[in-house]
Colleague: 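Quick one: the structure is below, and I'll ask about it shortly.
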Amino acid sequence: MEERNLRDLWFALLERVKNIDVAVLGFLRTRMTWIAVLIGTLLVVWGLVDHNLYAVLQVILAGAGGYFIGFLPAVAGGILVTIIHALIGGVSQVRSADTVVRLIGCSYIAWLGREHQVMVRRRRTEIANLPHGSHTISWALVNEVRNSLLGMRLLLAGKNTDRTSTSELELVESELLRLESLFGSLKEDS
């Protein structure tokens, strides 16, 4: 009986660990982009504090390479920057622990750049696939209305006198008629 209680306790403990794993991995998965940004920022700050411009260059190239070229070329570029740093600065300048951390971090930043490119493409596709109904107004028309209203306001409020000349009132009236015709043609098109 005691053996059965121990086994039940063991399985309950395993189930609890499994639930915690699922919760933690879900938390990390939903915040993966922010974690990558934090890692990239930390790597850049570390490179600046350590006066290691190769580390800063490596992070920037990894992100840009991941966005514009792809994940694997960006990681290869990070490795290439490390090799160049070793050749120019001497192998004694390259610390193995720092190099491993930077390469792992730059791989993560390259992934972030690639994910950002995928997100931008997806968003562009979604915007392009939005239905454009008859209620959509062109920017040219909106700008025409803005300019006309601004012009009328300047004509009416341009002078500080109580009188507005008849020529200015005629200009405002003609502009209002023009706007009315614009909206009339818009109503006919829909």
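Just so we're clear, the structure is a prediction, and the values are computed from it rather than from any experiment. Below, each value reflects all heavy atoms present in this structure, side chains not excepted, and no hydrogens, waters or symmetry copies.
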Colleague: Look up atom CG in L72 and atom CZ in R114, then write down how far apart they are to the nearest 0.5 Å.
Modeller: 10.0 Å
Colleague: At what distance, to the nearest 0.5 angstrom, does CD1 of I39 lie from SG of C106?
Modeller: 10.5 Å
Colleague: Please identify each residue that fulfils side-chain contact (heavy atoms from CB on, under 4.5 Å) with V81, with sequence neighbours left out.
Modeller: Y54, Q58, L61
Colleague: Do I35 and V24 sit in one hydrophobic cluster, given that two such residues count as connected whenever their side-chain heavy atoms are within less than 4.5 Å of each other, even indirectly?
Modeller: yes
Colleague: Please name the pair of heavy atoms, one in V59 and one in I109, separated by the smallest distance, quoted to 0.1 Å.
Modeller: O-CG2, 3.7 Å
Colleague: Any idea which heavy atoms bring Q117 and F68 closest together, and the distance?
Modeller: NE2-O, 4.5 Å
Colleague: Roughly how far, to the nearest 0.5 Å, is CD1 of I20 from CG of L25?
Modeller: 11.5 Å
Colleague: Quick check for you: to the nearest 0.5 Å, what is the distance between N52 atom CG and L43 atom CG?
Modeller: 10.5 Å
Colleague: Does V45 sit in a hydrophobic cluster with other residues, and if so which ones, taking ILVMFWY side chains as linked at heavy-atom separations under 4.5 Å, directly or through other members?
Modeller: V49
Colleague: Run the ring-ring contact (aromatic ring centres under 6.0 Å, His included) test against F71 and tell me which residues pass, sequence neighbours left out.
Modeller: none
Colleague: Going by heavy atoms in the side chains, are V101 and W46 under 4.5 Å from each other?
Modeller: yes
Colleague: List the atom of G47, the atom of A55, and the distance in Å for their closest heavy-atom pair.
Modeller: CA-CB, 4.0 Å
Colleague: Output the distance between atom CG (L14) and atom CG (N19), rounded to the nearest 0.5 Å.
Modeller: 11.0 Å
Colleague: Among the clusters formed by ILVMFWY side chains lying less than 4.5 Å apart, do I60 and L48 turn up in the same one?
Modeller: yes
Colleague: Treat each ILVMFWY residue as a node, draw an edge where side-chain heavy atoms are under 4.5 Å apart, and state whether I79 and V56 are in one component.
Modeller: yes
Colleague: Side-chain heavy atoms nearer than 4.5 Å, only ILVMFWY residues, links allowed to pass through others: does that put M119 and Y67 together?
Modeller: no
Colleague: Honestly curious: do L9 and V17 fall in one hydrophobic cluster under the side-chain, below-4.5 Å linking rule?
Modeller: no
Colleague: Going from CD on E115 to CZ on R122, what distance comes out if it is rounded to the nearest 0.5 angstrom?
Modeller: 7.5 Å
Colleague: So, do Y108 and M32 sit near enough that their side-chain heavy atoms are less than 4.5 Å apart?
Modeller: yes
Colleague: Please examine the side chains of V75 and W111, heavy atoms only from C-beta on, and report whether any two atoms are closer than 4.5 Å.
Modeller: no
Colleague: Heavy atoms only: give me the nearest A62-A74 pair and the separation to one decimal.
Modeller: O-CB, 3.5 Å
